[in-house]
Number of protein chains: 2
Amino acid sequence: MDNAYPSKLLEKAVGEFSKLPGIGRKTALRLVLNMLRRSEEEVEEFAGAVSRLRKDVKYCRVCHNISDTDVCPICSDTHRDASTICVVENIRDVMAVENTQQYGGLYHVLGGIISPMDGIGPADIEIDSLVKRVADGGVREVILALSSTMEGDTTNFYISRKLAPYDVELSVIARGISVGDELEYTDEVTLGRAIINRTKMTGK
Amino acid sequence: MDNAYPSKLLEKAVGEFSKLPGIGRKTALRLVLNMLRRSEEEVEEFAGAVSRLRKDVKYCRVCHNISDTDVCPICSDTHRDASTICVVENIRDVMAVENTQQYGGLYHVLGGIISPMDGIGPADIEIDSLVKRVADGGVREVILALSSTMEGDTTNFYISRKLAPYDVELSVIARGISVGDELEYTDEVTLGRAIINRTKMTGK
């Protein structure tokens, strides 16, 4: 189904949709035909939402999270603990941590992760601004909540070196077997780390 | 991940994407964040293509296929056999048949299929205009190329009744085992039909 589009307008719209990650030309055609079945107002609503988002979106000047305002609601919430900063790769991670309802501090969104393979170095992500936040004082702990990959570990290491001169506690989120995972199906690296990083049982 | 969007603009765009078929909120967020990484021009290109398609799209007044012109390129192609009409459900089917490069006639796009369960009756799809095309003369054969489902069979039957008064040959595309299918995995209905509709081997 790669040729023979009966309309240039259709072909163009399918082409645009198939630029999205994980959307091939067949799926794109299905999505576009779904659009065609909607009212003109609904389609304008869709196109407008996408266009407005790109044009008007802001990034919090403190933590670099997406925001409608100059400083995001999390950073400006005085009920949150401003002395703790959780460092994450992207805004999806902020949402994931927020959804746990286990964290009451602030965030710092790196906007990426150090990855020499992809040509992303320390200067390409928001590390300097993190160091500045710490240097400005008032920060007691920085929690590194990056993916448990080589890139994540590299970034953790780089940040820990950069923050070494400052009087701030550094921690990394726990790695271990997932809740609900069966031991026999856990990979040996994870299991090994889980044994090394065992925690004392309380209540004994 | 159903709450805690850091931005209303983001939430709105995710909401719009998740209205698309087969796109949940997690996938929608991934697509929207991908949009955010593109340039403003690229995003305008995307939004514009969708909006223009819906506003400016035409349907061929002969066969009802999507078209940029009043009469689509297939219907206006004088090299094609105008005496044969292949009846299909939607434009994706036109593209599928075109891609076989085995058909040189014209099409008629019903825009749906008779389905009492979904409240779609004969009047909701382009059957009357098909009958009119046949009544106007010049059509030698009508090929019914609908899905091999109950709805497809119902529609085939309805059309055959409607075209009965006219001097036109009616045929249905062959049903049988797919090329490359193994016999033991073919369902019994398909296999039964394939035996009943067996074709003479040529070259003997």
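Numbered from 1 within each chain, the chains take letters A, B, ... in sequence-line order.
Within the 4.5 Å cutoff, side-chain heavy atoms of A:Ile23 are placed close to those of B:Ile23. Between B:Leu29 and A:Arg92, some side-chain heavy-atom pair lies under the 4.5 Å cut-off. Side-chain contact between A:Leu33 and B:Asn90 is absent, with no heavy atoms from C-beta onward closer than 4.5 Å.
A distance of 7.0 Å separates CZ in A:Arg52 from CG in B:Leu9, rounded to the nearest 0.5 Å.
Environment of NZ in A:Lys8: sparse, with no more than 12 heavy atoms of neighbouring residues, nucleotides or ligands closer than 6.0 Å. Under a cut-off of 6.0 angstrom, the local environment of CG in B:Asp136 is crowded, with over 12 non-hydrogen atoms contributed by other residues, nucleotides or ligands.
The most heavy-atom pairs under 4.5 Å with chain B, out of A:Ala49, A:Pro6, A:Ser51, A:Ala47, come from A:Pro6. Top candidate by heavy-atom pairs under 4.5 Å with chain A, chosen from B:Leu36, B:Val32, B:Leu31, is B:Leu36. Across A:Pro21, A:Gly22, A:Gly15, A:Gly48, the residue that shares the most heavy-atom pairs under 4.5 angstrom with chain B is A:Pro21.
Of the two parts of A:Asn34, only the side chain, counted from C-beta on, holds a non-hydrogen atom closer than 4.5 Å to a non-hydrogen atom of chain B. Heavy atoms of A:Glu40 lying under 4.5 Å from chain B belong to its backbone as well as its side chain. Contacts between A:Ser39 and chain B at a heavy-atom distance below 4.5 Å involve the backbone alone (N, CA, C, O).
Below 30°, between 30° and 60°, or above 60°: for B:Phe17 and A:Phe17 the angle between ring planes is above 60°, a perpendicular geometry.
Residues of residues 58-77 of chain B that come within less than 4.5 angstrom of chain A, heavy atom to heavy atom, are B:Tyr59, B:Asn65, B:Ile66, B:Ser67, B:Asp68, B:Pro73 in numerical order.
The nearest pair of heavy atoms linking A:Arg54 to B:Arg38 is NE-O, 2.6 Å.
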